[in-house]
Amino acid sequence: MTKSSSSPMGSNAALDARPAEPPATRLKHRHLLGIADLTPEEIVLILDTAEAMQEIAHRPIKKVPTLRGRTVVNLFFEPSTRTRTSFEVAEKRLSADTLNVAIATSSVVKGETLVDTALNLEAMSPDMIVLRHASSGACHLLARVCRSKIINAGDGMHEHPTQALLDAFTIRRHKGRLSGIKVAILGDLLHSRVLRSNVLLLTKLGAEVWLCGPPTLVPTGIERLGVKVTHVVDDAVRDADVIMMLRIQLERMQGAFFPSLREYFNVFGMTEDRVSLARPDVIIMHPGPMNRGVEIASEVADGPYSVILEQVANGVAVRMAVLYLLAGGAEHETAA
Ligand code: CP
C-alpha cells in the first residue's frame, strides 16, 4: 500500500491560510498521545492516508498484508464499543496479530498496576499498545516506560485523538475542507476528552469553533484555545456547518451540574427546531454513546442530517491510517 499524495477531497485546502509548508510524509513522534503533538501537516497526512485506507473497505477481500508479523495489544481499562472494535477491525484489515486484554479477567483485579501490566505484556514483544484508561496522562506514562509504540484510545478527561481524527475525516468528506467552516460543539464540555482533541484539531486546521453548554460544564479559560463560548444554543447553531453533540457524562460527575436531565434537554438538548437554525446542509455528529432525550432528540440522531454511524465506519479507516503511519508507513513497507 502506498501513501496517497492527495485526497479526492482536495485536503490541503485546509492549510490555504497558512504559510506554505512541505506536505508531511511521516509522523515525527513514535507514539500517538494527543492531537497536541501533531502539526497541521501531520493531521492532513493521516486524513489523506485514511482516504486510501477507506478504499480497502470497498474491496471484496478487505485485508492487506501491510502489518503482517506485527503485534498490537488492545488494552482497555474503561468500557468501549466503537473505539475498541474499530481498532481491532483496523488491525485485522492490516493483517496485524491482535491481542485483546480482558481487564475484568486479568490480574488488574488483583491489584496489578498499569505499568506492571504493560511491562508484562511487553515481555511478549508487541509492537504497539492501544490504551484506554480512566486517568488523564496514563498514555504519556506508558510512553515513558514502554518500548512499544503507544496509541491513546482515550485517557481520562484529557485527549481522544483518533476520535477527533475520524471526526475531521467525516467533516472533510462532507464539506471538502475544514478551514473557515463553523463547527458548534455542545454538551458536557468539562468532562470530555473528545472536546479537547476536537478543539485542538479544528483550530489547527482553521475551523471556527463555537462551544455551548451550561456554565457549570464549560472548562474555565477554554477561550484561550481560540474558540467562542456561549451558553445560548441558538447562537451556537445559527449558520453552523457542523453540529457536534457531546454526551452528558454522569459517571464522571460528582455533585449536581444542572437541576435535572429533563431541564437539561429543554435548555440544551438538540431538537429539530434548533437544527433548523443551522445551514441547510448541516451535518449532525455525536461520538457516542448517545443519551437519547438528554443531549439529543431521537428525531435528530436518526434524522436526515445525522452522520453518526458514518463516523463509526470512518473510524476504521482512520485507525488503519494511524497504525500504518506509526509502523513507519511507506518506509516500513520498503524495509519489509
Ligand atoms: N466514541 C467513543 O470513544 O466510543 P466508545 O467509548 O464506545 O469507544
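Nothing fancy with the numbering, it's 1 onward along the sequence. Here the structure is a predicted model, which means the values were calculated and not measured. Counting starts at 1 for both ligands and their atoms, following the listed order.
The nearest protein atom to atom 7 (O) of ligand 1, hydrogens excluded, is given as T81 N, 2.7 Å; this is a heavy-atom distance. Nearest non-hydrogen protein atom to atom 4 (O) of ligand 1 is R82 NE, 3.0 Å. From the protein, the heavy atom lying nearest to atom 1 (N) of ligand 1 is P287 O, 2.8 Å. The protein heavy-atom contact nearest to atom 6 (O) of ligand 1 is R132 NH1, 2.8 Å.
Look at D239 and R279 and you find no salt bridge, because none of the NZ, NE, NH1 or NH2 atoms lies under 4.0 Å from a carboxylate O. Under 4.0 Å is where a charged nitrogen must lie from a carboxylate oxygen, and between R59 and E55 no such pair does. Salt bridge absent: E91 and R70 never bring a charged side-chain N and a carboxylate O closer than 4.0 Å. At a threshold of 4.0 Å, the pair R172-D48 counts as salt-bridged, since one of the basic side-chain nitrogens sits closer than that to a carboxylate oxygen. Ion pairing of D281 with K175 is present here, as a side-chain N (NZ or NE/NH1/NH2) and a carboxylate O approach within less than 4.0 Å. For the pair R196 and D155, the salt-bridge criterion is not met [side-chain N within less than 4.0 Å of a carboxylate O].
The G288 neighbourhood of ligand 1 comprises atoms 1 (N), 2 (C), 4 (O), with distances under 4.0 Å to a heavy atom of that residue. Proximity to T83 (heavy-atom distance under 4.0 Å) selects the following atoms of ligand 1: 2 (C), 3 (O), 4 (O), 5 (P), 8 (O). Every atom of ligand 1 is numbered from 1 in the order shown, and the set under 4.0 Å from a heavy atom of Q163 is 1 (N), 2 (C).
Using a 4.0 Å cutoff on heavy atoms, G154 does not count as a contact of ligand 1.
Using cut-offs of 30° and 60° for the angle between ring planes, the H191 and F257 rings count as perpendicular.
Here the shortest heavy-atom distance to atom 3 (O) of ligand 1, taken over E78, R193, H160, R84, belongs to H160.
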